[in-house]
**Student:** 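The structure that follows is given in the form of structure tokens.
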Amino acid sequence: MAIAALEDRMQPRPFLVERLTQDASDTFTLVLRPQHGSQPFPFQPGQFNMLYLYGVGEVPISISGDPEDPEQLVHTIRALGTVTSAMQKLKKGSVVGVRGPFGTAWPVDEAAGADVVIIAGGLGLAPLRPAIYAILAKRRQYGRVVILYGARTPKDILFRQQLERWGGRMDTFVDVTVDRAPSDWRGNVGVVSSLIGRGGFEPEHTIAFVCGPEVMIRYAVHALSDRGVPNERIYLSMERNMKCGAGFCGHCQWGGHFVCREGPVFRFDAIADLFEVREL
Amino acid sequence: MVFHEGAYIYREGEPAQHFYLIRHGRVALEVHVPGRAPLIVDSLRAGEPLGWSWLIPPYRTHFDARALELTRVISFDAECLRQKMEENPAFGYALHKRMAPVIAARLAAARRQIIDIYGRPDDRRTAWQ
């Protein structure tokens, strides 16, 4: 990697907060624009940025916006630690440093011609949303498109209106479930992997994208395998403690992989063995 | 049998006198906790069997089952089925072989639900899971 290109990746660029919307009590979406000029920010679905809150710290956050709209940079964030909790309090015009985009992408183009099954749990829908945008923008190139989403409770459902819009399309199957619900909930209750059988896809002609808590990914992958989806057609996004974003610091090392550089999106057969290593 | 939206198909603690197959509609399994609003812990839809308490002593239902929409079910007399299973072990075994995976899958799902996989993770991991 050339020195100039490396410096560019390590140097945060200032972005302004254009909008902050509250998705749930602890989840929010930041829409950013470059502070200087209107240079677009091209990225591929599944990639992430390092967001730097000056004086507080830096965190890896997946891009959740539309890759066809690189003028605005969108991230959906859960307020968990010091940095993300401070980000939740940002106002319009606040400055955030951005490094990226980093990492591998969902193989959206390679999936053309296949049935596509997208399985998301919790905030895992955020890194998958750019892939959904990209697939629906070229919907005719794909076979059956199935979006399955699981959340903790109805009020934790992310991008609810969008899910309803996607589900309203005649060419897309969307099903949502929650782990538990009050009695006025009319939807599904149960684990997201229980929805897989309802998708109506052809397993051997399917490409699956899975993202969510690791334990959910494991159950979803097992359920896909049980239905006959080959391991080499299952992709998942593994999240680790990314720091440098370029594979130098080793914070995100997972077995022999640096997740920030070789991931976060992995083909399942490439990392299946690591799933069995509990110490990792 | 037909159950209109909101109708209870059975209530927790009742004798499990029937075994149902859902033909159409959706059914919520609810738990009532005194002092709290009812909680839906599972939902079932067309093609799925409803209830297995009829198969296992003491043959009492564990949850409330409420139709979430107009629901049509095929209803089997539980006592009659149990008697036929006793009289015809091959039939009994075949039915057990069909019900055991249903029971196992629901037990596994229930265990996954109680581990709260979407809850707040350990902060050292990531900001978006």
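Convention: sequence-line order gives letters A, B, ...; per-chain numbering from 1. Being a predicted model, the structure only gives us computed values, none of them experimental.
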**Student:** Give me the ring orientation class for A:Tyr235 and A:Phe209: parallel if the planes are under 30° apart, tilted from 30 to 60°, perpendicular past 60°.
**Tutor:** perpendicular
**Student:** Does any heavy atom of chain A fall under 4.5 Å from the side chain of B:Arg26, the backbone, both, or neither of them?
**Tutor:** side chain
**Student:** Under a 4.0 Å threshold between the charged nitrogen and the carboxylate oxygen, would A:Arg78 count as salt-bridged to A:Asp156?
**Tutor:** no
**Student:** Heavy-atom distance under 4.5 Å to chain A: side chain of B:Arg36, backbone, both or neither?
**Tutor:** neither
**Student:** Looking at A:Glu58 and A:Arg99, does any basic side-chain N land under 4.0 Å from a carboxylate oxygen?
**Tutor:** yes
**Student:** So which part of B:Ala109 gets closer than 4.5 Å to some heavy atom of chain A, the side chain, the backbone, both or neither?
**Tutor:** both
**Student:** Side chain from CB out, backbone as N, CA, C, O: work out which of these in B:Ile115 comes under 4.5 Å of a heavy atom of chain A, or both, or neither.
**Tutor:** side chain
**Student:** Under a 4.0 Å N-O cut-off, is there an ion pair linking A:Arg152 with A:Asp179?
**Tutor:** no
**Student:** Relative to chain B, which segment of A:Ser193 carries a heavy atom at a distance below 4.5 Å: side chain, backbone, both, or neither?
**Tutor:** side chain
**Student:** Given A:His257 and A:Phe266, is the side chain to side chain contact (heavy atoms under 4.5 Å, CB included) satisfied, shown in steps?
**Tutor:** CA-CA 10 Å; A:His257 302 281; A:Phe266 289 94; 4.1 Å; yes
